[in-house]
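Quick note on labels: first sequence line is chain A, next is B, and so on, each numbered from 1.
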There are 2 protein chains.
Amino acid sequence: MNFVVERNEILTRLEAVSGAAASKTVKPILSGINFSVKGESIVQLTATDLETAIKTEVKAKHIDGQDGFVVDAKVALEIVRNLPEGEIIFEIEETNLIIRAGKSRFTLPTMDPEEFPDVETTTGGVEFVVSVSAIELMIDRVIFCAARDEFMRNLNGVYWEFEGGFLRLVAADGFRMALAEERIDVSVDDHFLLTLKSMRDLQNSMKSAMSDEMKIVYDGSRVGFYFDGTEMVSKVVDAEFPDYKRVLPKSFKSRVRLYTSNLSDAVRRASIAARLGSDSIKLDIKDELLRIIARSPDHGEAIEEIEGKKEGDNLVIAFNPRFLSESLRKIDTEEVELNFVDSNSPLQINPIDVQGYTYIIMPIRLI
Amino acid sequence: MNFVVERNEILTRLEAVSGAAASKTVKPILSGINFSVKGESIVQLTATDLETAIKTEVKAKHIDGQDGFVVDAKVALEIVRNLPEGEIIFEIEETNLIIRAGKSRFTLPTMDPEEFPDVETTTGGVEFVVSVSAIELMIDRVIFCAARDEFMRNLNGVYWEFEGGFLRLVAADGFRMALAEERIDVSVDDHFLLTLKSMRDLQNSMKSAMSDEMKIVYDGSRVGFYFDGTEMVSKVVDAEFPDYKRVLPKSFKSRVRLYTSNLSDAVRRASIAARLGSDSIKLDIKDELLRIIARSPDHGEAIEEIEGKKEGDNLVIAFNPRFLSESLRKIDTEEVELNFVDSNSPLQINPIDVQGYTYIIMPIRLI
C-alpha cells in the first residue's frame, strides 16, 4: 500500500502507539508498527508488546493497494519527527518502505504483517464512559506514588476501582499512597490493577486525543480504553492490590492549614540539610506555628518556620522530605491541609475546598 | 565576621567560584569557599582545587568582625539558590555559620580559614586585555572539539596562542579541530594550554561578569584572568599541543556554499540511518547538488538532496555525522562553506563573510 499523510498528523499518531511497541524483544515483529488500510482514507497503526496493544488511525490521501506492512517503531517515529511540516509519501517497493518528503528519501526494511499478532477488542464485562482530561489528571495525581520495582507486582501499577458510582485510582509503594476519585455513571462495582508501563502507555496515547470522551471496557482479564479513533487494550495484573481503605485514617487529632507554596519551599530548603543526613525532616507543630527541622552531620541544621491555622493537639512527627515534596507538587490549590493522628500514624494531605484526591504518607519513627 | 547581602548578588558570586572548589578530595578544606573581609563593604569569596583558583567579591552591609571562615561550597550554593529574593544574614556563632533569611535558618559547620591554601595573583610575563564577551564566544566555538579523555593530556583542553597581534584558541580530539581567533593588542608571541576543567570554570565564572573588560596575565606556569572583581588563576598543562597549523589545508579543490539550516537538518535526518550502521554518512557532491547518503543494515537507507553553489571538482567523501552536526550548530551565519581537498583529506567548514572561526573534520576512509 502507498499513501500520503500530513507530517504533524502521523507524528502524533506514531507517538501515541509507539510506546506499546516492545523495545527489547526476542520477537523483532513486536518492535514494529503494523500499518494497515482501514477505509477509503484511513490508515490504521497498531503496536503491541503482547501485554498492551494500541491501535490508532490517521487520515491519509491517495491510498493505493490493500497490503499492509510492519516497520520498526522507533526508526519510523524518529524519521517522521525529523521531517519538516508538510506532506509525507509512504510507498512500498518490494519489501522496503520508502518515506519521501521534500528532498529527503528514506528506505526502510519492512516485516511481514502476517506475523504481527492479532489484537482483539474487549467486549462484554463492565463498560463506562469517562472524560479523557479527567482520566489524565487522575493518573497524573497518583502515578508517582506507585512502586518502581517491577518485582513488587501488586504495587508496580495503578489500581482502578469502580464502586458506588465512583471511579477511584490508587497507587502506593509501601511508604505512601495516592488516591484520586471521580463520579462516573456505572452501577456495577468492580476493580482491576494495571502495570505502571500500561499506565504510561495510556498517558502517552491520550496526548493525541482530540475529543474528550473515553469508553473503558473491562472483560475480567483485559481492559480496553477507546477514544477518538484510538484503542488501547491491556492485560490486567494477576496480583492483589492491598486493602487501601485500611490505610486511610478514620479520624484526626490535629489539622494544620497552610499556603501550599510556603510549605513546599520550606520542605525543599530543609531537605538540603536532610539529604546527606538521616533523610528525614521533623515537623514540630505547636499552636499556630509549624517548624520544620532537619539535621545532618556535615550539612548542619535547617530550621524553617511557617505560620498556619491549627486545630487540635500539638505534635512532633518526621517524614522523608521527598515524599512530602512530590505530593505537594500535585496539590493545585493555594492552600493545603495536613491531617495528623499521632507521631506514628500516617499523615493525610488534602487540597482545600476541593474533593477528589488525597495523599497518605507514613511517618519515620522518631528515636 | 557577620554580614548582610542581597540573595541575588551573592548567588551569582557563589556560582562563579564554586566550580573551582574540589568535589571529591582527600583535603576537605578544598571543597570549601573561603569567606574573608576585603574592605568596608566587600566580602571576598575564594575557592580552589590547587589547579585552578577563583576569587570574587560581593557587596555586603553591616560587616562586623574581621575573622574569615570556610564553608562547604556545594551546600552554601544550594542553600542560597533555594532562598527567596531579599536580604540574607550570615552570622558566625562559635564554629558554626548561621544563614538566615525570612523565616529560614541554616546552621553550617565551618572549617578553619588558616588551613585554606594561599592563592597568589600572577604578575609579570605576558599581559593583554580582551573583551569578556569575545572570550566567551571564542571558548564556546572551540571547547566542544576538545578530547574528553583526561589521559589525553595534550588534547583534553584548549590551546591559547597569541601571535602577530592575534589571540587564537584551538581545540582538537584527533578527529576534528576547532579554531577561533580575535585581534588583540599584544606585541609578544607566546602560548599555553589549559585543561578542559579550567576552561569550564572560566566559562562559569564569566557568567557573573557585569563589565566587559578582562585582563589576561601569563607568567610562564600560570594564567590569570581578571575581570569585574573576579580573578581566576589556573596552572597551565605541562604537555605539548600538536602543531595545529600542519592540519590546516593549504589549498582546496572544491568548495560548496549552502544554507546552514538545510545542511544541518539533512545531516540530522541522514544520521538516523547512520546511527546503528557504520556511523558514517557519505557526501556526494556533483555539480550543483550535494547528496547525503547513509545506510545501515536494520535502519535502511537515507538520501538527502541539497542544492548549493559549487566551485571546483566533483567529490565523494564520508564523515561521522555527529562531528558535522556539532560544528554546524556553532556556525551562526545563514550560509556555510564546505572546503574540500579530496576524499582522504580534512574538510574545512567556514561561516560565510565572517572571519574568526573555522572547523576541520577528518573524513572516514571509503572502502
If you draw a 6.0 Å radius around [atom1] in [X], do more than 12 non-hydrogen atoms from other residues or ligands fall strictly inside?
X: B:E307; atom1: CD; result: no
X: A:E334; atom1: CD; result: no
X: B:F144; atom1: CZ; result: yes
X: A:K74; atom1: NZ; result: no

First locate atom [atom1] of [X], then atom [atom2] of [Y], and finally report the distance between them rounded to the nearest 0.5 Å.
X: A:I79; Y: B:R269; atom1: CD1; atom2: CZ; result: 10.5 Å
X: B:L83; Y: A:I272; atom1: CG; atom2: CD1; result: 7.0 Å
X: B:I303; Y: A:K103; atom1: CD1; atom2: NZ; result: 13.5 Å

| said: Need one label for B:P84: side chain, backbone, both or neither, based on atoms under 4.5 Å from any heavy atom in chain A. | reply: both
| request: Evaluate the side-chain proximity of A:R105 to B:E304: yes if any heavy-atom separation is below 4.5 Å, no if none is. | output: no
| message | Could you go through A:N82 and B:R268, starting from their C-alpha distance and side-chain angles, then the distance that decides it, and tell me whether this counts as side-chain hydrogen bond (donor to acceptor under 3.5 Å, both in side chains)? | response | CA-CA 8 Å; A:N82 281 289; B:R268 199 184 62 239; 2.6 Å; yes
